[in-house]
Visitor: 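Can you keep this structure in mind? I'll have questions shortly.
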Amino acid sequence: MTNPDRVAWFAEARFGLFIHWGPYAAMGRGEQVLMREHLDPRGYAAAACRWNPSRCDPRDWARVARLAGCRYVVLTARHHDGYCLWDSRLTNYTSAAQAPRRDFVAEYVKALRDEGLRVGLYYSLGDWRIPALFAGPQRDPLGWEAFRDYCHGQVEELLSSYGPIDVFWFDGAWPRTAAEWGAERLVARMRALQPNILINNRLGASAGGCQSADGGEGAGGAADLGDFGTPEHAIVPENRPWESCQVSTWRLWGWAPHERFRPADVLLDMLCQCASRGGNLLLNLAPDADGRVPESFALRAAEIGRWLGVHGEAVYGTHDSETFIESVTFGHVTRKNNTVYLIVRFYPPDGMLRVPGLATEVRTATLLTTGQSLRADRYGGGWVLSGLPERPPTHLFPVIRLELAGPPARLEWFEPGQWTGDPLRYLSWAMARGPGFDA
Ligand code: GLC
């Protein structure tokens, strides 16, 4: 069960950085080549052991996260290939025992704390090297038990060696169920070690073996054990805290030199959309084989960070607000108590912005981007703001802050979702023109 005090910082944060990095970065075809390309697992392991990202400095990751305006970061301590980025005592398939001779998790945790960021660790339960993962406890009871104990032991290690960990992000539970993973026992142990930790929902499919509804590959249910939901490549509100994880490129999470990056406004739009629906964005960064931040990512991150520097109050600590303003024709809406933020994706051509559906009185309207006041008047459909500069004051999204006289309420005609609800609410509006077919 989600404890509201424990998750308060998470909802306030709204924006996190995901980092997918491991020996697969050297292959440059994403994080899943081992299985998707059916590579020889011995060859893969040998290459992984030789991988030596000597120029990697996790302080670069922490800096780019802070400059982007992220409040937390989640690093793949172990991905599906099983390679560990920390000094695990339970295996030598680690960056500490192999070529790098470094504990990247330790360096990362320190770098994040130095930048004032919260610390998250991603851990794939599935380790594609291990036959028992596929054979399962029925066919291979001893193998499965040994592997499960190994995973529990590693999680315990991660939660005992690096001080407070804020987020633990499971993944890759497929094809085993939460019960097979001993997920309940594992979570109890985790909470004993780190009472404030937030745990995601991917702890293995619930009995019946269904995949999670979020489309996450290798994800899986066990929803009741986690603190927050993790819709993947999608922004889908849940009735508990949630975080949409998204690539900043087109498809892959791990480094691929010729992957295409999405433009900054598309990334920012995802962040604003998450906030307007009451959730977080966990935006992915794939450092290159040497652990360096690709310039295309750094530029976009800095652009978003600069925007947040001016407009951050419209994102951090806001709550969902799609219920009292129709925003499709201009952008997104967020809210903090009686303050409402209009995030303008489509700048109006006539200096006037309509705020349809809003019934509550607007006391003041301010264009946050420039600090100037706007005029607010009622019209039949809601409110209309005037006095906007002729040209958009930023190439990203201008934001208007409305101070309302009370909690926002909506006019009768407006219901979230234009094609749902009672059509009679549009009747008197249509009747004003009359029933004829002519102009
Ligand atoms: C999927 C993928 C994995 C990625 C994750 C991020 O589950 O299997 O490669 O790390 O999504 O959400």
Side-chain angles (χ1 to χ4, degrees), residues 15-39 44 48 61 70 72-85 105 108 120-130 133-134 151 158 167-178 181 183 198-205 209-223 226-236 238 241-256 259 262 267 270 274 279-287 297:
F15 190 22
L17 183 73
F18 214 171
I19 301 182
H20 275 75
W21 191 64
Y24 45 79
M27 296 168 209
R29 304 193 299 279
E31 77 289 1
Q32 298 192 1
V33 276
L34 172 59
M35 188 148 96
R36 288 200 185 270
E37 297 182 1
H38 221 71
L39 300 181
Y44 184 98
W61 307 341
C70 295
Y72 62 106
V73 185
V74 179
L75 168 71
T76 51
R78 169 177 122 176
H79 207 265
H80 309 334
D81 64 358
Y83 186 92
C84 302
L85 294 179
V105 168
Y108 154 85
L121 294 175
Y122 165 112
Y123 182 84
S124 170
L125 287 164
D127 174 339
W128 289 341
R129 301 173 305 151
I130 308 300
L133 172 69
F134 306 104
C151 296
L158 286 168
V167 176
F168 206 88
W169 221 100
F170 283 109
D171 193 24
W174 181 87
R176 308 268 63 98
T177 63
W181 285 113
L198 296 184
I199 303 172
N200 76 339
N201 63 332
R202 299 189 182 184
L203 277 147
C210 58
Q211 282 275 300
S212 67
D214 56 33
E217 301 155 51
D227 296 299
F228 64 95
T230 54
E232 178 173 326
H233 304 299
I235 297 173
V236 193
E238 299 188 9
W242 58 272
E243 168 198 76
S244 167
C245 49
Q246 299 271 356
V247 290
S248 47
T249 51
W250 196 247
R251 173 61 181 83
L252 301 172
W253 299 88
W255 171 243
E259 249 276 43
R262 302 185 196 185
L267 305 179
M270 294 194 293
C274 287
N280 290 12
L281 173 69
L282 187 65
L283 182 67
N284 187 59
L285 154 67
F297 183 87

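First listed ligand is number 1; within each ligand, the first listed atom is number 1. What you see is a predicted model; the values in this text were computed from it and never measured.
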Visitor: Give the atoms of ligand 1, by number and element, whose distance to some non-hydrogen atom of H20 is under 4.0 Å.
Guide: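 Those qualifying, in numeric order: 4 (C), 6 (C), 10 (O).
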Visitor: Counting each atom of ligand 1 from 1 as listed, which ones have a heavy atom of H79 under 4.0 Å away?
Guide: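 That gives atoms 3 (C), 4 (C), 9 (O), 10 (O) of ligand 1.
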Visitor: Considering only heavy atoms from C-beta outward, does the side chain of N201 approach that of W242 to under 4.5 Å?
Guide: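 They are not in contact (no side-chain heavy atoms under 4.5 Å apart), so the answer is no.
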Visitor: Under 4.0 Å from any heavy atom of F18, which atoms of ligand 1 are there?
Guide: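 It comes down to these atoms of ligand 1: 6 (C), 12 (O).
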Visitor: Going by the order shown, which atoms of ligand 1 are within less than 4.0 Å of some heavy atom of E31?
Guide: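 That gives atoms 3 (C), 9 (O) of ligand 1.
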Visitor: Out of all atoms in ligand 1, which are within 4.0 Å of some heavy atom of Q32? Include the element for each.
Guide: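 So the atoms of ligand 1 that pass are 2 (C), 3 (C), 8 (O), 9 (O).
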Visitor: Knowing that exactly one of Y122, W255, W61, F297 qualifies, which makes a ring-ring contact (aromatic ring centres under 6.0 Å, His included) with H20?
Guide: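 It is Y122; the other options fail the test.
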Visitor: Counting heavy atoms only, which part of W169 comes closer than 4.0 Å to ligand 1: side chain, backbone, both or neither?
Guide: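 The side chain, only.
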Visitor: With W253 as reference, evaluate H233, H79, H80 under the ring-ring contact (aromatic ring centres under 6.0 Å, His included) test and give the passing residue.
Guide: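 Of the listed options, the one satisfying the test is H233.
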Visitor: Could you walk me through whether D81 and Y24 pass the side chain to side chain donor-acceptor pair (under 3.5 Å) check?
Guide: CA-CA 8 Å; D81 64 358; Y24 45 79; over 6 Å; no
Visitor: Out of all atoms in ligand 1, which are within 4.0 Å of some heavy atom of Y122? Include the element for each.
Guide: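 Listed by number with element: 10 (O).
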Visitor: As an exercise, identify every atom of ligand 1 less than 4.0 angstrom from a heavy atom of C245.
Guide: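 Under 4.0 Å from C245, ligand 1 has these atoms: 12 (O).
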Visitor: How about F170 and W181: do any of their side-chain heavy atoms sit closer than 4.5 Å?
Guide: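 The answer is no; the side chains never approach within 4.5 Å.
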Visitor: Which of the atoms in ligand 1, numbered in the order shown and given with their element, are less than 4.0 Å from a heavy-atom of H80?
Guide: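 The atoms of ligand 1 under 4.0 Å from a heavy atom of H80 are 2 (C), 3 (C), 8 (O), 9 (O).
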Visitor: Of the options V167, V74, T230, which is the one that meets N200 in a side-chain contact (heavy atoms from CB on, under 4.5 Å)?
Guide: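 Considering V167, V74, T230, a side-chain contact (heavy atoms from CB on, under 4.5 Å) with N200 is found only for T230.
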Visitor: Would you say the side chain of L121 lies within less than 4.5 Å of the side chain of Y123, judging by non-hydrogen atoms?
Guide: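 No, too far: nothing below the 4.5 Å cut-off.
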